[in-house]
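One structure is given here, and the rest of the page talks about it.
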Number of protein chains: 2
Amino acid sequence: MLTDRQLFILQIIIDDFIRSAQPVGSRHLAKKNDVSYSPATIRNEMADLEEMGFLEKTHTSSGRVPSEKGYRYYVDHLLSPGSLRRSERTAIHSVFADRQEGLEKAIQNAATILSELTSYTSIVLGPKFNDNKVKSLQIIPIDAQTAVAIIVTNTGHVENRVFSLPEGIEPADIEKMVNILNDRLTGVPLSELRHKIYKETTELMRRHLRNYEAVLHMFAEASGGSPIGKLFIGGKTNIFNQPEFRDVEKVRLVMDMMEKEHDVYQMIRPTDAKAGVQVKIGTENAEQAMEDCSLITASYSVGDQPVGTIAILGPKRMEYSRVITLVDFLSHDMTNVLTRLYNTRS
Amino acid sequence: MLTDRQLFILQIIIDDFIRSAQPVGSRHLAKKNDVSYSPATIRNEMADLEEMGFLEKTHTSSGRVPSEKGYRYYVDHLLSPGSLRRSERTAIHSVFADRQEGLEKAIQNAATILSELTSYTSIVLGPKFNDNKVKSLQIIPIDAQTAVAIIVTNTGHVENRVFSLPEGIEPADIEKMVNILNDRLTGVPLSELRHKIYKETTELMRRHLRNYEAVLHMFAEASGGSPIGKLFIGGKTNIFNQPEFRDVEKVRLVMDMMEKEHDVYQMIRPTDAKAGVQVKIGTENAEQAMEDCSLITASYSVGDQPVGTIAILGPKRMEYSRVITLVDFLSHDMTNVLTRLYNTRS
DNA sequence: TGTTAGCACTCTTTCTATTCGAGTGCTAAA
DNA sequence: TTTAGCACTCGAATAGAAAGAGTGCTAACA
């Protein structure tokens with residue numbers, strides 16, 4: 001077990017390293033105001049901490065650097081809870097205050113604000129309302145052979161798709177079709193739409209018109225939509241600011257990964273395993289490219305259903321305290337706003 | 001004026017430098033099969049070419065490197081017209097062969113293919129049909145206070161926006177409104193919609209219902225949409241492959257710029273000044289960050305109206321011949337496909 | 001007169017040696 | 001248990017020195 005003094009020293013070493021990015025030496029620490037031990041004493045403790053795996057040396061006669069285990073212990077036990085400035089709070093609140101621009105824009109703004117406040121890279125996984133319910137279906141003919149199918153959900157989300165009309169269909173037929181579809185499918189969750197569309201309406205449609213299959217098929221397709229929410233990444237190039245990423249190859253690894261939507265999604269998709277803020281340090285991330293990075297994630301919800309994730313990607317030497325507080329705060333804010341907004345319209 | 005031999009030497013110097021990224025020396029050139037002059041002769045010619053500003057030295061005793069003026073002359077006068085492999089042609093054709101996925105996906109694929117074929121960064125400015133005409137306007141109520149406004153154009157493009165309904169409006173009122181709007185605005189080009197919506201319908205609407213302003217305003221807003229087409233960038237990290245971008249600061253400049261949609265748009269927006277492929281070398285680009293890059297653009301059209309742009313961003317030391325051929329080919333292909341697709345539906 | 005061989009010169013790159021300083025580990029004294 | 005002292009290690013910085021690539025110029029050659 002660690003003595004109090006060891007805890008203290010571990011803490012100030014990591015704090016110092018996070019700020020300076022320089023290996024910290026015993027003499028340097030001893031000079032600090034709140035440290036009253038001599039360099040030699042500190043050296044002894046450092047040696048012990050290193051033996052236990054919390055610290056590392058870059059070479060035999062360098063100062064100490066936190067190991068991954070060290071960071072892990074730090075976030076689990078040593079973190080002083082950060083607090084937000086008033087200006088930060090209002091910045092975050094303002095993102096969702098003005099809904100005029102639409103949800104998508106608001107989410108994108110959230111990503112931008114987050115990266116600006118932290119000067120790390122932010123990732124926001126937009127909400128996917130799988131239990132969105134159909135509010136209205138429309139078919140708008142464009143010309144003799146073509147039409148647009150439109151699905152509006154109870155959250156105001158609109159899916160649309162161009163498709164070819166069956167040969168020789170009449171405007172009256174289309175109207176009939178739309179009526180049937182609306183009659184039978186209003187209120188059906190999007191996730192079930194594909195299934196229900198065939199089950200509920202095939203019979204009816206067949207009675208009223210020929211060539212209904214193409215149309216049904218089309219609607220089923222459009223309802224599929226993207227299986228995941230949209231990804232927004234803010235401050236992609238912030239990683240360039242980090243001194244440990246002076247190396248082109250390292251930057252490249254991370255940049256490449258950020259371009260691969262699928263990988264990013266895998267990394268931050270909401271896991272309902274644990275609620276609250278999650279921290280993944282270095283190799284704790286599955287992604288190879290993340291071995292020098294840390295990822296802080298929190299999911300946000302509508303009601304008690306998690307619908308999306310916000311995350312901060314930075315160097316392992318991250319300001320954990322600040323970022324955790326920020327991410328926690330924003331995710332709660334988003335949960336509140338979205339819940340108020342969407343949970344009422346059922 | 002340049003002698004034939006000077007032209008020849010300038011050409012092989014640039015060809016060689018494009019391939020190797022190394023300053024090319026007289027001895028190195030003389031050893032090539034198709035060069036029958038001695039190093040000394042070549043040195044003399046090089047000195048002349050340098051004096052005329054086509055070549056530069058990185059330091060007093062280095063080989064020569066093409067200057068910006070050199071590249072400019074090269075693309076204007078020395079370019080051997082490249083040809084495409086069959087596999088490249090089919091790759092390009094295949095992008096637009098299958099329209100099932102929708103236009104947006106196809107455009108995105110174009111960007112991806114382009115960056116993969118060239119191993120540079122590709123930028124595609126999605127089509128903006130400003131003369132799209134309104135086909136249909138819809139208002140779908142979501143709940144008592146909220147509704148979605150939808151505009152469908154003759155190309156099948158759908159704009160939508162959530163908005164707040166005026167207090168105490170009745171479903172019948174909405175229907176009336178939609179009828180008036182459709183009656184008066186069908187066929188109006190999107191670019192004029194904002195204007196016409198007030199001019200044509202205010203009077204009528206006022207007669208039929210209170211609080212029409214909010215609704216009109218909303219439609220006017222939605223019709224504004226994004227003033228520009230959507231941007232797709234492929235192979236953002238390809239720049240890392242270029243040896244002259246080993247430097248983190250240089251990469252950063254370019255990366256930062258690519259994140260700023262507005263800057264990118266300014267750079268590649270269609271200029272109907274010149275048709276065909278345009279090449280901007282280094283500082284010929286307005287953008288500061290581009291001083292070590294070249295940009296090759298071509299716009300594509302529907303009919304004879306340019307609607308979007310494709311571009312390749314690479315180092316000044318770019319394979320101009322290949323890329324120009326490729327960009328030219330793809331832009332024509334896109335023009336053909338889009339013209340066939342959209343020009344019929346007027 | 002145009003071309004080429006030869007040579008001195010320049011500048012970068014690479015290697016080696018040296019020094020400097022920050023930091024450690026260990027021992028012994030307080 | 002803490003601390004002072006000291007030898008030791010290693011990286012970073014500095015300065016030559018040598019190697020190598022390439023040039024410019026001059027003079028000879030065809």
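Heavy-atom basis, side chains included; hydrogens, waters and symmetry copies ignored. Labels below follow one simple rule: chain letters A, B, ... track the order of the sequence lines, proteins then strands, and each chain is numbered from 1.
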Q | CG (A:Asn33) with more than 12 external heavy atoms under 6.0 Å | A | no

**Q.** Electrostatic pair A:Lys260:A:Glu287 at N-O distance under 4.0 angstrom
**A.** no

Q | Distance below 4.0 Å between A:Thr41 side-chain N/O and D:dT3 OP1 or OP2 | A | yes

Q | Nearest to side-chain heavy atoms of B:Ser26, which nucleotide of D:dA4, D:dT23, D:dT9 | A | D:dT23

**Q.** Nearest-Å distance for atom pair CD/P, residues A:Glu56 and C:dG23
**A.** 18 Å

Q | Length of the CE-C1' vector between A:Met46 and C:dT24, whole Å | A | 10 Å

Q | N-O pairing of A:Arg64 and A:Glu56 below 4.0 Å | A | no

(Q) Go nucleotide by nucleotide along DNA chain C from the 5' end; which of B:Glu45 and A:Thr60 gets its closest nucleotide reached first? (A) B:Glu45

Q | Any B:Arg64 side-chain N or O less than 4.0 Å from OP1/OP2 of D:dA21 | A | no

Q) Atom CD of A:Gln22 to atom P of D:dG11: distance rounded to whole Å? A) 16 Å

Q. Does a side-chain N or O from B:Lys57 land closer than 4.0 Å to OP1 or OP2 of C:dT12, or not?
A. no

List, with names and distances, any nitrogen or oxygen atoms from the protein found under 3.5 Å away from nitrogen or oxygen atoms belonging to nucleotides 25-30 of chain D.
none

Q | d(CG, B:Leu55; P, D:dT23) in whole Å | A | 11 Å

Q. Rounded to whole angstroms, how far apart are NE2 on A:His59 and C1' on D:dC10?
A. 6 Å

Q. So does B:Asp76 pair up with B:Arg72, basic N to acidic O under 4.0 Å?
A. yes

Q. A:Ile9 has an atom CD1; how far is it from atom C1' of D:dT2, in whole Å?
A. 12 Å

Q) NA contact type, A:Ser62, heavy-atom cut-off 4.0 Å: base, sugar-phosphate, or nothing? A) sugar-phosphate

Q) Expressed in angstrom and rounded to an integer, what is the separation of A:Asp16 atom CG from C:dA22 atom C1'? A) 15 Å

Q) Taking all non-hydrogen atoms of both residues, which atom of A:Glu68 and which atom of A:Glu284 are closest, and how far apart? A) OE1-N, 4.2 Å

Q. Distance-only, no hydrogens or angles: does the A:Lys57 side chain make a donor-acceptor pair with backbone N or O of A:Glu50 under 3.5 Å?
A. no

Q | Any N/O donor-acceptor pair, B:Ser61 side-chain to D:dT23 base, under 3.5 Å | A | no

Q. Between B:Gln6 (CD) and C:dG2 (C1'), how many Å, whole number?
A. 13 Å

Q) Among the nucleotides C:dT24, C:dT4, D:dT2, which one has an atom lying closest to any side-chain atom of B:Tyr37? A) C:dT4

Q: For the pair B:Arg252 and B:Asp247, find out whether any cationic side-chain nitrogen is under 4.0 Å from an anionic carboxylate oxygen.
A: no

